[in-house]
There are 2 protein chains.
Amino acid sequence: MSDLLERLRGRGWRMTAQRRVVAEVLDGDHVHLTADEVHARAAERLPEISRATVYNTLGELVGLGEILEVSTDRRAKRYDPNAHRPHQHLVCSRCGAIRDVHPSGDPLADLPAAERFGFTISDVEVTYRGICPHCATA
Amino acid sequence: MSDLLERLRGRGWRMTAQRRVVAEVLDGDHVHLTADEVHARAAERLPEISRATVYNTLGELVGLGEILEVSTDRRAKRYDPNAHRPHQHLVCSRCGAIRDVHPSGDPLADLPAAERFGFTISDVEVTYRGICPHCATA
DNA sequence: CTATATGCAAAGTCTTTGCAATGGC
DNA sequence: GCCATTGCAAAGACTTTGCATATAG
C-alpha cells in the first residue's frame with residue numbers, strides 16, 4: 001500500500017483519481033522521476049490525466065513537504081518521495097541515474113558560524129557526482 | 001585583470017571578441033550569473049553578441065573545467081567562475097541569492113565505502129538553503 | 001451545492017540546432 | 001586560406017497559465 005497516500009488522506013487532502021494515481025506512482029524508495037515520467041506512468045492507469053494536473057499535483061506535494069524536488073545538471077527536475085528521512089544523492093554524470101545514500105556525518109556541522117554570513121540555514125543538499133558501476137563497464 | 005582570460009590564453013583557446021567579453025564578465029569572486037545575465041552584461045560591451053554564442057562559450061568553459069555549472073531550484077542554471085578552489089554554496093530560498101562558503105570538513109569523507117554502491121565519485125556538491133539576512137529583515 | 005481540481009491549448013522560459021557568413025591564427 | 005566560431009532564426013524541452021467544465025466533500 002501507499003504510505004504517501006495514507007499520510008495525504010490523513011492531512012485532509014482532497015482526493016481525486018488523478019491525485020491518487022500520482023501519489024501511487026511516486027510511492028516507494030529510490031524513486032526519482034521527472035514530471036514527464038510521472039505523467040507517463042500515471043497515464044498508464046488513467047489515460048486522460050493531463051500534464052498540467054501532474055505539474056499542479058507535484059507542486060502541491062512539494063509544498064506540503066511530502067516529496068522533494070531534486071535539481072540535477074540535466075534540464076528536468078526530479079521528484080523524490082523519500083522526504084521523511086534525511087539523505088543525499090549519488091548521481092551518475094554519464095547516464096543521470098540517481099541513488100539515495102545516507103552518509104555518516106551531519107553536513108550542517110561542517111559549516112562554522114563564521115561561514116554562515118547571517119543566513120538562517122534550514123536545509124542542506126548534498127550531491128555526490130561520479131560514474132555508476134553500469135556506465136563504468138559499458 | 002582577468003585571471004580567467006590569462007589561463008584561457010595559456011591553454012591556446014582561440015580568442016575572439018565575444019569570448020573575451022564573456023570571460024571578462026565571468027571574472028571575479030562570488031559571481032553566479034545565469035546565461036541570460038551573462039549575455040546582458042556582455043552585450044553592454046559588445047552589442048551584437050548573440051545568445052547562442054554565450055551558450056556555446058559557457059558550455060566550453062564548463063567543459064574545460066574553468067567555470068562551474070550551479071543548478072538551483074529555479075529554472076535557469078548559474079555559472080560560477082570560482083572553479084579552482086573547492087567551495088560550497090549558501091542559497092537564499094526567498095530571493096535566490098548565492099554565496100560561496102568554505103566549510104571545514106571534507107564532505108567526501110562522510111560517505112563510507114559501503115554507501116558508494118560501486119560509484120566512482122569525482123565530485124561533491126553541497127548546497128545550504130536558508131534565508132539570507134536581507135530577506136530576513138524585509 | 002460550492003469550492004476546488006481538472007483538461008486543454010496557448011504562452012512562457014530556458015536552451016539547442018542548422019547553416020551561411022565571418023574572422024583568428 | 002582553412003577551419004573554428006559567430007549570428008540568426010527556428011525548433012526543442014520543460015513548465016506555467018487562463019478559463020470553461022467537472023467533481024469531491
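Naming convention: chains lettered A, B, ... in sequence-line order (proteins, then strands); numbering from 1 in each chain.
In this structure, A/Val70 and A/Thr127 have side chains that are not in contact, with every pair of non-hydrogen atoms separated by 4.5 Å or more. At least one side-chain heavy atom of A/Phe119 sits less than 4.5 Å from a side-chain heavy atom of B/Cys92.
With A/Arg11 as reference, A/Glu66 is the one residue of A/Glu60, A/Glu6, A/Glu66 to meet the salt bridge (charged side-chain N to carboxylate O under 4.0 Å, His left out) rule. B/Arg78 pairs with exactly one of B/Glu69, B/Glu37, B/His32 by the side-chain hydrogen bond (donor to acceptor under 3.5 Å, both in side chains) rule, that one being B/Glu37.
When each of B/Ala17 and B/Thr34 is assigned the nucleotide of DNA chain C with its nearest heavy atom, B/Thr34 is the one assigned upstream, toward the 5' end. Taking for each of B/Ala35 and A/Asn56 the nucleotide of DNA chain C with the nearest heavy atom, the 5'-most of the two is the partner of A/Asn56.
Ring geometry, A/His89 versus A/His87: the interplanar angle exceeds 60°, so the pair is classed perpendicular (tilted spans 30 to 60°).
Between the P atom of C/dT15 and the CZ atom of B/Arg74 lies a distance of 14 Å, rounded to the nearest Å. Taking atom CG of A/Leu58 as the reference point, atom C1' of C/dA5 lies 15 Å away to the nearest angstrom. When rounded to the nearest whole Å, the span between CD of A/Glu48 and P of C/dC8 equals 8 Å. Atom pair A/Trp13:CH2 and D/dG25:P shows a separation of 11 Å (rounding to whole Å applied). We find that CZ of A/Arg75 is positioned 12 Å from C1' of D/dA11, with the value rounded to whole Å. We find that CZ of A/Arg51 is positioned 12 Å from P of D/dA13, with the value rounded to whole Å. Rounded to a whole Å, the NE2 atom of B/His39 is 15 Å from the P atom of C/dT16. Distance, A/Leu46 CG to C/dA5 C1': 13 Å, rounded to whole Å.
In terms of heavy atoms, A/Glu115 sits closest to B/Leu90 at O-CD2, 3.9 Å. The shortest non-hydrogen separation linking A/Pro103 to A/Tyr128 is CG-OH, 3.5 Å.
A donor-acceptor contact under 3.5 Å is not formed by the side chain of A/Arg14 with the base of D/dG25.
Of all nucleotides listed (D/dT6, C/dC14, C/dT6), C/dC14 comes nearest to the side chain of B/Tyr55. Set against C/dT15, C/dG7, D/dT15, the side chain of A/Ile49 has C/dG7 as its closest nucleotide. Closest approach to the B/Ala52 side chain among C/dA5, C/dT17, C/dG7 is made by C/dT17 (side chain taken as heavy atoms from C-beta onward). The side chain of A/Ser50 lies closest to C/dG7 when the candidates are C/dG7, D/dT15, D/dG7. Checked against D/dT15, C/dC25, C/dT17, the side chain of A/Lys77 finds its nearest nucleotide in D/dT15. Nearest to the side chain of B/Thr16, among D/dG25, D/dT5, C/dT15, sits D/dT5.
At the phosphate of D/dT5, OP1 or OP2 sits under 4.0 Å from a side-chain N or O atom of B/Arg19. Of the side-chain N and O atoms in B/Gln18, one or more sit less than 4.0 angstrom from OP1 or OP2 of D/dG7.
Ion pairing between a basic and an acidic side chain is recognised when a charged N comes within 4.0 Å of a carboxylate O; B/Asp36 and B/Arg51 show such pairing.
Within residues 62-71 of chain B, no residue has any heavy atom closer than 4.0 Å to DNA chain D.
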